[in-house]
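This structure is a prediction, so every number in the text was calculated from the model and none was measured. By convention here, the first residue in the shown sequence is residue 1. Whatever order the structure lists ligands and atoms in, that order sets their numbers, starting from 1.
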Amino acid sequence: MTPNHKQAAEAVRFIREADRFLVVSHVNPDGDAIGSTLGVAWMLKQLGKEFHLVNASPVPAKFRFLPGAEWIRSPEELRSAAPFSRVIAVDAADAERMGEARSLIAEDAQLLNIDHHATNDRFGTSNWVVPDAAATAQVLANLVEALKLRWEKPLAACLYTGLLTDTGGFRYSNTTPAVLELASHLLKQGVHPAEIADRVMETMTQGQLALTKRALDTLAFSDNGQVGWMWLKRRDFEEAEASEDEMDGIVNYARNVEGVDVGILFRETEDGAVKVSLRSREKVDVGELAKSFGGGGHARAAGCTLEESPEKVEQMVLSKVSDALKRGSS
Ligand SMILES: [Mn+2]
């Protein structure tokens, strides 16, 4: 990872010069969003600062074992404490990603944006964006050092969770020597790797299993088997008695099929839009592709939401993926 002395110093100043903070991450939070939110909380706690944690979506059940998870509130629960004039946003590529939590932020708020998405639009008044970091948790490890804090075990466990989940369990191409060195350092603080991996990566809920069966039933392929896609409609969630966060990881089944470069999961949202999750092996930069539809993410994992009919969304996305594959191979 490239050194970020200037941004680190600015982040340290941002935190030291105030006493009360709102920490926020993105809607439908993943392990890095929750781990990073809690990581910042443990840092602020050690510094004796007042902090409030918010997420527009409920904390997925599998992350509720993390130390401090019960501190994360809904925007509604924090309404009476708002507006907040000092905000730390983690793992959010743009302000929109904070969802309803944005309504707690004062119009003239100072906002420190810490992230690792290449598509981050620098929406903060201060921005520490490291596109070559594997996880926001990895950037936050630098913040711990810059603030000269103690590496407490709860803090280490939260950052480890972000690092583990955003590297797909240390399997994706973002698993660099620096990532494994940081993982090693975190384990030395007493973090239990098997327990965390079992809770956040291995355990499958009944709802998740039911959704996976339904999604697999729709799996289709095009472009000589290089594109695989699946659908989850509203009735799938109802019949599977599953919540939104239980579709986490299902898109990988499409991408994992031999010969597939781009795996896609289309899902109908409650408000009638279609959310598109994209994963790629090597040929297509799905972060760029998602961005062209108003979404964002990384080269190998990205997403967007389109307010069109299911048929139209499928046709638009598949046609753009097909074009990208042709460009990639020409
Ligand atoms: Mn992340």
Next item on the list: With ring pair (Phe, Tyr, Trp, His ring centres under 6.0 Å) as the test, would you mind laying out the steps for His52 and Trp71 before giving the verdict?
Entry: CA-CA 8 Å; His52 300 265; Trp71 297 333; over 10 Å; no
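His116 lies close to the Mn ion (ligand 1), since one of its N, O or S atoms is found at a distance under 2.8 Å. At least one N, O or S atom of Asp166, from either the backbone or the side chain, sits less than 2.8 Å from the Mn ion (ligand 1). Because the distance cut-off is set at 2.8 Å, Asp115 fails to qualify as a neighbour of the Mn ion (ligand 1), as none of its N, O or S atoms comes that close.
With no hydrogens or angles considered, a side-chain donor-acceptor pair links Asp166 and His116 at under 3.5 Å.
Atom CG in Leu232 sits 5.0 Å away from atom CZ in Phe237 (nearest 0.5 Å).
Residues Val24 and Arg97 fail the side-chain proximity criterion, which asks for heavy atoms closer than 4.5 Å.
Our summary of the site lists the angle at the Mn ion (ligand 1) between OD2 of Asp32 and OD1 of Asp91 as 80°, to the nearest 10 degrees.
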